[in-house]
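Before we start, here is the structure in question, set down as structure tokens.
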Amino acid sequence: ENQIAVASGPPAFVSRYLTDFEPIQCLGRGGFGLVFEVRNRLDDCHYAVKRIQLPNSEEAREKVMREVKALAKLDNPHIVRYFHAWIECPPPVQRNVPKTPNYTRSDAKMFLFIQMQLCRKESLREWLRAHVSHRDSYQTIQMFNEIVRAVEYVHLQGLIHRDLKPSNIFFAPDGAIKIGDFGLVTAMAEEASYSPMSPEGNVICGGGFSPFQRTHTDQVGTQLYMSPEQIEGQPYNHKVDIYSLGLILVELLWPLSTQMEQVTVISQLRKLKFPQGFIEKYPEEAVLLNKMLSRNPDERPTTYGIRASTPLRIYQDSTVEIPEYLHFS
Ligand SMILES: Cc1ccc2cc(-c3c(C)ccc(C(=O)c4c(-c5ccccc5)n(C)n(-c5ccccc5)c4=O)c3N)ccc2n1
């Protein structure tokens with residue numbers, strides 16, 4: 001007890017990310033986020049870890065934490081699987097900022113890490129581009145049914161996805177559809193000096209394009225699938241997801257080979273103008289889509305109404321009858 005504590009300064013910072021995981025490759029980067037494929041050093045499994053630089057404002061920070069608490073509770077075969085989340089506060093970095101000769105600035109940043117199931121490298125966006133010539137309508141409707149089931153689960157939790165689009169729909173290693181929010185904030189904020197993603201100095205998110213990095217063209221898609229009420233800043237509800245599902249259904253049924261064609265067809269669909277020949281080929285789907293793409297959210301069906309519709313009815317578990325009053329409420 002006579003020991004005198006020797007002041008050794010603050011404890012050395014130990015990054016949980018660097019301790020528990022070996023980075024394998026960068027999967028995407030944005031202004032405030034990075035995603036890496038990692039190998040867990042203990043269980044030897046590969047995961048995806050998203051690092052989000054927490055905003056400075058307390059309100060914005062609480063919003064991010066609400067998102068994490070909500071996603072952590074989701075448990076559905078068609079929603080990307082959550083494993084763990086934690087926060088790291090690396091020591092502030094002192095560096096000379098060249099603006100003035102003696103100016104130095106410390107960077108104290110907080111990072112949120114989210115560990116999720118690793119999906120296949122291509123999203124539905126890439127899948128749609130790669131499967132233009134041969135596309136089996138039974139398979140695509142089956143895929144759509146899985147997406148609808150996932151959205152139905154989200155709605156039954158009292159949540160709204162708000163950003164359904166092909167680049168937010170991935171595939172599990174076994175091929176099952178997985179919805180999530182695979183995006184990263186795109187405004188390129190100043191890269192934090194502390195970058196836990198490059199511990200050995202050899203696995204970094206280079207400045208170059210990475211498969212999931214959002215490009216300018218990708219920005220074109222940012223609002224393409226968004227409901228009118230969201231774009232116009234009006235109050236909205238879960239029916240915003242139904243609008244996005246309508247546009248996704250058309251893209252699954254009607255192959256679009258270029259980004260230009262995609263933007264043109266979807267822009268027309270937003271005015272309820274279908275591509276030449278679509279209504280003749282898919283008359284029942286067109287009836288459903290006219291409701292899903294209605295400007296009036298109340299006219300759009302619920303996910304129950306979608307699953308009970310003629311084009312999708314055959315894909316349902318026939319023992320479960322969906323009551324009529326749930327088709328639109
Ligand atoms: C090949 C590949 C590439 C990127 C991946 C990213 C992820 C991923 C990671 C690592 C972390 C989170 C998500 C994700 O879907 C998110 C989700 C989410 C959304 C819907 C369902 C499930 C999760 N949310 C809410 N948020 C979020 C968190 C804080 C603030 C704002 C958004 C997400 O980041 C997410 N999709 C998982 C697997 C990946 N696989």
Side-chain angles (χ1 to χ4, degrees), residues 66-82 116-117 119 123-125 127-128 139-172 175-183 221-231 235-253 266 269-270 285 288-317 320 322-323 325-329:
R66 281 197 299 273
E67 294 275 354
V68 175
K69 288 173 180 157
L71 79 85
K73 297 179 180 69
L74 299 176
D75 179 12
N76 179 276
H78 296 302
I79 294 178
V80 61
R81 184 178 165 193
Y82 167 82
M116 306 284 275
Q117 159 189 35
C119 295
S123 74
L124 179 62
R125 184 169 182 266
W127 187 93
L128 289 166
Q139 179 195 12
T140 50
I141 292 287
Q142 185 61 30
M143 289 162 68
F144 183 68
N145 186 55
E146 292 181 3
I147 299 167
V148 172
R149 289 270 188 174
V151 174
E152 184 166 292
Y153 174 86
V154 169
H155 289 177
L156 287 173
Q157 308 311 307
L159 301 171
I160 307 170
H161 187 289
R162 292 185 180 82
D163 196 16
L164 282 172
K165 53 191 175 185
S167 56
N168 268 338
I169 299 169
F170 273 60
F171 301 90
I177 283 279
K178 294 284 180 179
I179 73 167
D181 180 350
F182 292 83
T222 305
Q223 295 200 331
L224 205 55
Y225 298 84
M226 210 164 264
S227 64
E229 62 269 26
Q230 263 177 293
I231 292 174
Y236 60 82
N237 60 19
H238 63 294
K239 294 294 184 73
V240 298
D241 289 337
I242 304 301
Y243 188 90
S244 306
L245 283 173
L247 295 173
I248 291 167
L249 176 56
V250 173
E251 267 208 271
L252 282 166
L253 293 172
I266 291 188
L269 277 165
R270 297 182 69 92
E285 289 80 354
L288 171 63
L289 284 160
N290 270 305
K291 296 174 191 156
M292 294 178 73
L293 297 175
S294 169
R295 278 192 62 85
N296 178 354
D298 296 338
E299 289 176 6
R300 299 172 202 154
T302 63
T303 54
Y304 288 120
I306 295 170
R307 294 202 290 117
S309 68
T310 309
L312 272 91
R313 188 177 292 143
I314 57 168
Y315 295 86
Q316 307 313 316
D317 172 358
V320 179
I322 300 171
Y325 73 90
L326 286 176
H327 293 185
F328 285 89
S329 59

Discussion item. Using side chain to side chain contact (heavy atoms under 4.5 Å, CB included), reason through His161 and Ser244 one step at a time and then give a plain yes or no.
Written reply: CA-CA 10 Å; His161 187 289; Ser244 306; over 6 Å; no

Discussion item. For Val154, give me all partners under side-chain contact (heavy atoms from CB on, under 4.5 Å), at least two apart in sequence or on another chain.
Written reply: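 Here the qualifying residues are Ile79, Leu159, Ile179.
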
Worksheet item: Can you tell me how far OG of Ser227 sits from CG of Asn237, rounded to the nearest 0.5 angstrom?
Response: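 Here the rounded value is 9.0 Å.
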
Worksheet item: So which heavy atom on Arg300 is nearest to which on Ser294, and how close?
Response: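 Shortest heavy-atom contact: NE-O, 2.8 Å.
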
Discussion item. Against Leu293, only a single residue in Leu245, Leu269, Leu288, Leu249 fulfils side-chain contact (heavy atoms from CB on, under 4.5 Å); can you say which?
Written reply: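 The option that passes is Leu269.
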
Worksheet item: Does Gln157 reach the side chain of Asn76, with side-chain heavy atoms less than 4.5 Å apart?
Response: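 Counting from C-beta outward, Gln157 and Asn76 never come under 4.5 Å.
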
Discussion item. Do Lys239 and Ile160 have side chains that approach each other closer than 4.5 Å (heavy atoms only, starting at C-beta)?
Written reply: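 Of all side-chain heavy-atom pairs linking Ile160 with Lys239, none is under 4.5 Å.
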
Item to complete: Identify, with sequence neighbours excluded, every residue that meets side-chain hydrogen bond (donor to acceptor under 3.5 Å, both in side chains) alongside Tyr236.
Response: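 Applying side-chain hydrogen bond (donor to acceptor under 3.5 Å, both in side chains) to Tyr236 gives Arg162.
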
Discussion item. Using 0.5 Å steps for rounding, measure from the OG atom of Ser123 to the CZ atom of Arg125.
Written reply: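 Separation between the atoms: 7.0 Å.
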
Discussion item. If you define the side chain from C-beta out and look only at heavy atoms, does anything of Arg270 sit under 4.5 Å from Tyr243?
Written reply: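 They are in contact (side-chain heavy atoms under 4.5 Å apart), so the answer is yes.
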
Worksheet item: More than 12 foreign heavy atoms under 6.0 Å from CG of Asp75: is that the case here?
Response: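 For Asp75, atom CG is not crowded (no more than 12 foreign heavy atoms under 6.0 Å).
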
Discussion item. I need the minimum non-hydrogen distance between Phe328 and Asp298, along with the two atoms involved.
Written reply: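 Shortest heavy-atom separation between Phe328 and Asp298 comes out as CD2-O, 4.3 Å.
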
Worksheet item: What distance do Asn145 atom CG and Leu312 atom CG have between them, rounded to the nearest 0.5 Å?
Response: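 The CG atom of Leu312 is 5.5 Å from CG of Asn145, to the nearest 0.5 Å.
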
Item to complete: Mind running side chain to side chain contact (heavy atoms under 4.5 Å, CB included) on Met116 and Leu71 for me, showing each step along the way?
Response: CA-CA 10 Å; Met116 306 284 275; Leu71 79 85; 3.9 Å; yes

Worksheet entry | Distance in Å, Ile248 CD1 paired with Leu164 CG, rounded so as to fall on 0.5 Å steps |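 Separation between the atoms: 5.0 Å.
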
Practice prompt. Kindly indicate whether the side chain of Pro297, heavy atoms from C-beta on, has any atom under 4.5 Å from the side chain of Val240.
Written response: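 No, too far: nothing below the 4.5 Å cut-off.
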
Item to complete: Please name the residue in the list Arg307, His238, His78 that meets the side-chain hydrogen bond (donor to acceptor under 3.5 Å, both in side chains) test with Glu152.
Response: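 Output: one option passes, namely Arg307.
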
Item to complete: Sequence neighbours left out, what passes salt bridge (Lys or Arg N to Asp or Glu O under 4.0 Å) with Glu146? Give chain and number order.
Response: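 Glu146: no salt bridge (Lys or Arg N to Asp or Glu O under 4.0 Å) contacts found.
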
Fill in: Test side chain to side chain contact (heavy atoms under 4.5 Å, CB included) applied to Leu124 and Leu252, step by step
CA-CA 9 Å; Leu124 179 62; Leu252 282 166; 4.1 Å; yes

Worksheet entry | Shortest non-hydrogen contact between Gly246 and Leu289, atoms and distance |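 Between these two residues, the closest heavy atoms are O-CD2, 3.2 Å.
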
Discussion item. Quick check for you: to the nearest 0.5 Å, what is the distance between Ile266 atom CD1 and Tyr225 atom OH?
Written reply: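 That separation rounds to 3.5 Å.
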
Worksheet item: When rounded to the nearest 0.5 angstrom, what distance separates CD1 in Ile306 from CZ in Arg149?
Response: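 Going from the CD1 atom of Ile306 to the CZ atom of Arg149 covers 12.0 Å.
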
Practice prompt. Can you see which heavy atom on Lys178 is nearest to which on Pro77, and at what distance?
Written response: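 Nearest pair, atom of Lys178 first, then Pro77: NZ-O, 2.7 Å.
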
Worksheet item: Quick one: are Met143 and Trp127 in side-chain contact, heavy atoms under 4.5 Å?
Response: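 With C-beta onward as the side chain, the pair touches.
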
Worksheet item: Should Ile242 and Thr302 be marked as a side chain to side chain contact (heavy atoms under 4.5 Å, CB included) after you check the CA-CA gap, both sets of side-chain angles, and the distance that decides it?
Response: CA-CA 7 Å; Ile242 304 301; Thr302 63; 5.5 Å; no

Item to complete: Would you indicate whether the side-chain heavy atoms of Ser309 and Lys291 approach each other to under 4.5 Å?
Response: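 No, every pair of side-chain atoms sits at 4.5 Å or beyond.
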
Item to complete: With sequence neighbours left out, write down each residue that passes salt bridge (Lys or Arg N to Asp or Glu O under 4.0 Å) with Arg295, or none if nothing qualifies.
Response: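 For Arg295 the salt bridge (Lys or Arg N to Asp or Glu O under 4.0 Å) partners, ignoring immediate neighbours, are Glu232.
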
Fill in: Minimal non-hydrogen separation, Tyr315 against Ile141, with atom names
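Closest approach of Tyr315 to Ile141, heavy atoms only: CE1-CG2, 2.9 Å.
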
Worksheet entry | Side-chain heavy atoms of Phe144 within contact of Leu253, under 4.5 Å |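 Heavy-atom side-chain distance check fails, nothing below 4.5 Å.
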
Worksheet item: So, do Tyr153 and Leu74 sit near enough that their side-chain heavy atoms are less than 4.5 Å apart?
Response: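 Answer yes - side chains close enough.
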
Worksheet item: Looking at residues at least two apart in the chain, or sitting in another chain, which of them share a salt bridge (Lys or Arg N to Asp or Glu O under 4.0 Å) with Arg81?
Response: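 Per chain and number, Arg81 pairs via salt bridge (Lys or Arg N to Asp or Glu O under 4.0 Å) with no residue.
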
Worksheet entry | Under the salt bridge (Lys or Arg N to Asp or Glu O under 4.0 Å) test, residues paired with Glu299 that sit two or more places apart |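 For Glu299, no residue satisfies salt bridge (Lys or Arg N to Asp or Glu O under 4.0 Å) once neighbours in sequence are set aside.
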
